[in-house]
Structure formats: structure tokens, C-alpha cells
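For reference, the structure is listed below as C-alpha cells.
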Amino acid sequence: MAVIDRTDSPVDLDVGDLYDQYRMMFLIRRFEEAAERQYKAARIGGYCHLSSGQEAATVGAVSALQPDDLLVTGYRSHGFALARGVPADAVMAELFGRAHGCAHGRGGSMHLLDVSRGYYGGWGIVAGQLPIATGMALSLVRRGAEQAVLCELGDGAVNMGAWHESLNLAGVWDLPIVFFVVNNLYGMGTSVERASAEPDIFKRAGAYRMEGERVDGDDLEEVEAATARLLRAAREDRRPAVLEAVTYRYRGHSVADAGLAYRTREEIEEHRSADPLARTREILESRGVPPEGIDAIEAEVEAEVEAAVAFAERDEAPAVDRLAAGMYAPGSEGQFERMRPGSPFGEAELVFAGGLGA
Amino acid sequence: MSGSGVAAPAPARAGLETMTYREALRLAMRQEMERDERVFVMGEEVGLFDGSYKVTAGLLEEFGPDRVRDTPISEEGFVGAGVGAAMLGERPIVEVMTLNFLLVAMDQVVNHAAKIGAMFGGEVRCPLVIRTPNGAGNQLTAQHSQSFDGWFAGTPGLKVVAPANPADAKGLLKAAIRDDDPVLVIENLPIYKEKGEVDLDPELLTPIGRAAVAREGSDLTVVSHSFATVRALRVAEKLAAEHGVSAEVIDLRSLRPLDVETVAASVAKTNRVLCVEEGWPSYGVTAELAARIQRACFDDLDAPVERVGMAEVPLPYAKELELAAMPNEDRIERAALAVLDLAPAL
């Protein structure tokens, strides 16, 4: 699946794009379901945060990126990596901790990345990615590039100091960045209402004299149109913005969380009945795409996900002798060579020379 | 320093000049900003105000507000912005007013900057420099008198240097700016006014990971860094004059990587070693040194490794109390004599 790139902000989408976008949403849903199965089968370790239910927000926002725009996200990142064009094989292999994972088996679920596609992670500390994305936007300004940064965060991140500091810097310095808040109503198990004195997150942009907007995060076309417009203002006029997409996560905070201690089955069912995939499929059908055509891509996607799991199963483990690869830049070996005497057991054997390659 | 093997014309020797530590830092920044467009400075009061400790004085006028960028009081924000800019290939020098305030940005330094090389498998680097002074001694009290050098030096992924004189302030800061990894340059408040001879040659760098023998001696090795080296050198003179003791002073210069080889070679010669730091010694730089020395020099030691650091209390205001807490020259001298069996151990 190639990266979905668009050259302008659409008022309406032609069916061709919508078809690809629906395919991507479906891929993310099936991918997450497979990831959950593999996690429960103990083939995936660590934390595993699924985004089922949030596909329209994810695909809509990423669709609005130009090929040379930059994407930075939090740790619920599988969908973003896939939507940005990272092959499902490489994403699943990363979840399995394999050598050909998109982060070389270093990152796992939270730290997916693909620099060749402008995807700079996949970060695991809530709101920690915001200052970094802000600095990337500063770099774009310094080099006079007409590019923008899309920085994704969850609703839980907006009560961190890094949120305030990053929005303030972006505002003071007129940086080309859109803070894309995926509001799925809960930060872990604490609802936005319980966590935020101002639960209308988009309104907080006003404190920085920045445009703030809320969209229905389950409406693919609305998300894409708003993201595209705000990214364009960032790119062309250096106007930072906050875009809040309200959506819902079907599964728990992570696979380890049943997701029922803080919400009811009825609430989950209510959201599932307005499923973004079903909504998007309806639009496709209403624009004349025959159901059998849609069924065909669904079958194709299911095969793709199965193949990704098979790829991850047979991929090799990262080489243990490259344990420290890339940690320090080439040329650092000489700096560290005199640290060896008296070093703790085994430390002197670490080799951080050389990277792992793209 | 360049390993490119490309023949370059030998730079004209620019000569030596006596200057303060702060002027040497400024010289390093000016030279690197002239050499490389990607280098820029940002931090609180670095521009219009001329720097909280006047290290960046005059740079705004010379390089303009894009390259000498004033920030709000927002350490987590602008240190993190430095990380992000560095990831895209800029060479930011982030000035943090004191090491105490870097704690506010700890998440960006330890959880982010230090992880990038490894997490990106070497595909992305983070050539960030953070400059900040540590230290105590001006009645700045509990929240402004600390040295957390060991916290940062204990973090894989970071490099940490701490120059003790103007020549190394220039040489190490330049090496840090040219380095492709995040480097914390620990400066020191009382040391800013220290004077020394500096080679103006823009290509003369102090290599990272190399300690210096600041004073040669044969009876005792004193290992130190930053302002503790200034104190150690004074004590060494006193030991020679009053006790006929020949002390060798090793100035670490880099804390990560740590040049244990130079320390071990000295201990093999003197058989006695005292480690001194400005910060609290528990879990500190001297703790790390002691562990490595006992392993590397087990058969060379004629006495246990001794340590001197700041008294393990939050620093009080009253001058008498502060003085009593500092790793001052009296305490270093008494410890040295104890290691030499010339005075009772405390």
C-alpha cells in the first residue's frame, strides 16, 4: 500500500481516494485484531495499544500529509505507521521484535518509525513527543522549507506541561505544526471529563492565539479536509493549530486492559453501532461502488495481514552482537576506548559502532 | 581532528591569548557559528540580555535573532525543541541557566535525547549540545547549588564533558558542537571568571574521552573534574610546599566516556588515589571512579580509594554553613594526607 498523498485540500473526495482510504482503514482494523491475537499468544510482548475504532481519524489525518511533511505520534501508533505507508510486514515484524521490523526490533508497539516516509516515531512518554515535534518545525523554518509537522497526541497528553510549553513555543515562533489531538474520551481509564478542567480541548488553542478546531473523528472526509486546511496554513503561512478529532477506542487502553472498569458495555456498543468503517463503506456504496468490489478488497486485506503475521513469524531475531548498534555515532569508538579498565562485567564488549541501516 | 584523509591547507597558527573561561566558551561558539550555518544558540536570556552569566554576550549582535534565539522560561519545551531540531540535522546549542533547571527538562534529556541513536538504529542522530553550569559557593542555597554530573554521565546515549580551564572550555565545547551525539557540557559558576591561555586556532579541539594530567606527581593521584580540579591543583601546591608531597592531578575533562586508562596509569605510579567532586559523592562521579579503580588497580593500591565531595545536605544559606558543606581545600588536603598515612583517616 503506497502512502496516500494528496496535493490539495479537498472539499469532497473522489471515489478513487476514498476507496484506498477505506482499504487502509480496513487494514488497520484487521491488523489490530491480529496483533491482539498474537499478543495473547505471547508472540508480542511489552505494551500493545490498539486503535480499533479510531481508523477514520488516523487515515483522514495522514491522508492530508504531503509526501515531505513530517509525522510524529504517541505510542498508539500502529495505524499511523500503516497509513503512512509502512508495510504491514515491517510493522508486524516490529511487534514481534524481529530484525526486519520497521524499528529494527528496537522499538516494538510504542516506537514504530520509518524515516524514509517522514515518520519520526512512535514515542512512549505521554506528551514527550510534543517538544520534539516543535523543534522539527523550528528546523523547517530555519531551512526555509515549505513543509509542516503533524504531531499526534491523545487526550491524556493535554494536561502535561509539555503540551503547554510546546503550544506556547509554536505560537511565539510561528511554527508550521498542527497538534492533532485524538480524543478517544479516555486517558487510560480516566475520562476527559474527569481529567480536564476544560474538556473542550480545541478551545485551549485560544490561550495561544492559535486556531483550534474540533471534528467528528469518525468522519473520514471531515478529518481529512480539516487536517489538509490546517496543514496548508502551517506550511504556507506558518500558522500553528490544534485539531481535535473526537473518536472512540473499542478495546482497552492496552491489550492487558479489558476496558470495562471505567465504561459500560452499552457505551462501547453504542459507539460500535456508528462504526467509522461501516460509515465509510456506506459512503462508498452510495457513490456507486458495488458491494462485491468492497468485499474483494476486504479479502485482499485479510490475506495481507495473514501474510504479515507469517512474515513476522519467520523473520530472524536481531543479532545479539549488535546490541548497542547506533547508540553512538560512528567515530565514537575512539572516544570510549579508554573507558575499558575496570568496567563492569561485560560492558567492555559492547560495540555501538555503526547503525542498522534503512 | 578530521578523519577524512583529505589534505587541507595547514591553518595559520592564530596564537595564544589569555582569557576567562566564559570568554573561551564564547570564542568556541563564535568560531563554530562562523564555520557552520546549522549551529545556533537558544535559551533563556541568551540574546538581548547578553546571557544570564554573559557567556553569549555580543553574539546576538553578530549573528542575529534566528541564530541567537531567546526562549521563554520553558526548559522542557526548548530543550525538547533542541532535540527535534537536532534530529533533522541542525546543530543547536541549548543554554540552560543552571544545571538545577535542567531537572525540569529531564524527560527530554534522558527519555528522549539519549535514546534516539539506539531507537532509530543509527538512522537518525541527535547532535545536540546542552551547556549549563553546576556548582555551589555563592550562597545560592538549596535549589541552586547542585551538581548532578553523575546522573547524566550514568545515562547511556549521552556524552558528558566538564572542562576545568579556559583552553578546554573552548576545545571541549567545539568538540561537543561537532559531535554527532547529544553532549552535555557542564560548566561551573565560580569557574567562569578563571583565566588561562587559550590557543585561538579554530581547528584545535579537545578530544572527548581524554583526561589530562593537569599536574605531574609521584606520591598521590588526585582525580577531579570541573571546579574541583581548580581546587585540587591549589591543594597539590600546598602539599608540595608544606608536606613535601608530590601529588599528580588528573583532570577528567570527560565524564562519559570516562578515561579510566589515564587514571589507572597514574595510580599504577603513585599507588594512592583521592577522588574529588563538587557534587554529593554518594552514587556520584567519585563513586563510579572508586569502583573502576579498585577493579583496574587492585594490585597497585597501597591504601583504600578515598573520596571528597559536598556534604550530603541541601545547601544552606549562611556563609559559615555553606563553607562547611563545600568540598573546600582544607577538606581535600586532610583527605590527601589521610590517604598518604600522614594524618588519621576521618
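Here the structure is a predicted model, which means the values were calculated and not measured. In what follows, every heavy atom counts, from backbone to side chain, and hydrogens, waters and symmetry copies are set aside. A note on names: the letters A, B, ... follow the listed sequences, proteins ahead of strands, and every chain is numbered from 1.
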With chain B, the option among A/His111, A/Arg142, A/Met136 that has the most non-hydrogen atom pairs under 4.5 Å is A/Arg142
Side chain, backbone, both or neither: which part of A/Gln129 has a heavy atom under 4.5 Å from chain B?
backbone
A/Arg84 side chain to A/Arg117 backbone, donor-acceptor under 3.5 Å:
yes
What part of B/Thr71 gets closer than 4.5 Å to chain A, counting heavy atoms only: side chain, backbone, both or neither?
both
Who pairs with A/His164 by ring-ring contact (aromatic ring centres under 6.0 Å, His included), at least two apart in sequence or on another chain?
A/Tyr208
Taking heavy atoms only and a threshold strictly under 4.5 Å, list by residue number the residues of residues 84-92 of chain B that touch chain A; give 'none' if the list is empty.
B/Gly84, B/Ala85, B/Met87, B/Leu88, B/Gly89, B/Glu90
Flag the pair A/Tyr328 / A/Phe336 as yes when at least one side-chain heavy-atom distance between them is below 4.5 Å, and no otherwise.
yes
Contact winner vs chain B - A/Ala162, A/Pro131, A/Gly124, heavy-atom pairs under 4.5 Å
A/Pro131
I need the residue from A/Gly107, A/Ser343, A/Ala103 with the largest number of non-hydrogen atom pairs under 4.5 Å to chain B.
A/Ser343
Against chain A, label B/Asp107 side chain, backbone, both or neither, depending on which of its atoms sit under 4.5 Å from a heavy atom there.
side chain
Which word best sums up how the rings of B/Phe120 and A/Trp123 line up, parallel for under 30°, tilted for 30 to 60°, or perpendicular for over 60°?
tilted
Best-contacting candidate, A/Arg143, A/Arg106, A/Met339, A/Arg340, against chain B by heavy atom pairs under 4.5 angstrom:
A/Met339
Contacting region of A/Ser166 [heavy-atom separation from chain B under 4.5 Å]:
neither
Applying salt bridge (Lys or Arg N to Asp or Glu O under 4.0 Å), which residue pairs with at least one partner in residues 292-304 of chain B are found, sequence neighbours left out?
A/Glu347-B/Arg292, B/Glu288-B/Arg292
Tell me the closest heavy-atom pair linking A/Leu113 and A/Gly121, and the distance in Å.
CB-N, 3.9 Å
So which part of A/Ala133 gets closer than 4.5 Å to some heavy atom of chain B, the side chain, the backbone, both or neither?
neither
Suppose we screen for ring-ring contact (aromatic ring centres under 6.0 Å, His included). Which residues come up paired with B/Tyr283, at least two apart in sequence or across chains?
none
Measure the acute angle between the ring planes of A/His253 and A/His49, then classify it against the limits of 30° and 60° as parallel, tilted or perpendicular.
perpendicular
What residue in B/Glu37, B/Glu75, B/Arg256, B/Arg210 has the most heavy-atom pairs under 4.5 Å with chain A?
B/Arg210
Are any of the side-chain heavy atoms of B/Arg307 and B/Leu274 separated by less than 4.5 Å?
no
Give the member of A/Thr134, A/Leu130, A/Val149, A/Val115 that has the highest number of heavy-atom pairs under 4.5 Å with chain B.
A/Val115
Answer with side chain, backbone, both or neither: which region of A/Leu70 has an atom nearer than 4.5 Å to a non-hydrogen atom of chain B?
side chain
Non-hydrogen atoms of chain A under 4.5 Å away: do they reach the side chain of B/Ile293, the backbone, both or neither?
neither
Atom group of B/Gln108 that falls short of 4.5 Å from chain A, counting heavy atoms
side chain
To check you understand the geometry: which heavy-atom pair defines the closest contact between A/Leu175 and A/Leu169, and what is its length?
CD1-O, 4.2 Å
Which bit of B/Arg38 comes within less than 4.5 Å of chain A, counting heavy atoms only: side chain, backbone, both or neither?
backbone
Bottom line for B/Gln294: the part with an atom under 4.5 Å from chain A's heavy atoms is neither
Answer with yes or no after comparing the ring centroid distance for A/Tyr119 and A/Phe80 against a 6.0 Å cut-off, counting only values under it.
no
Can you confirm whether B/Val160 sits close enough to B/Val183 that some side-chain heavy atom of one is under 4.5 Å from a side-chain heavy atom of the other?
no
Step through the shown structure and confirm whether more than 12 heavy atoms of other residues, nucleotides or ligands are within 6.0 Å of CZ on A/Phe311.
yes
Pick from A/Leu231, A/Leu65, A/Asp68: which one makes a side chain to side chain contact (heavy atoms under 4.5 Å, CB included) with A/Gln147?
A/Asp68
When you check the side-chain N and O atoms of A/His104 and B/Glu123, is any donor under 3.5 Å from an acceptor?
yes
Pick whichever of B/Gly209, B/Ala113, B/Ala118 has the most heavy-atom pairs under 4.5 Å with chain A.
B/Ala118
Among A/Gly105, A/Ser332, A/Gly122, A/Gly331, who wins on heavy-atom pairs under 4.5 Å with chain B?
A/Ser332
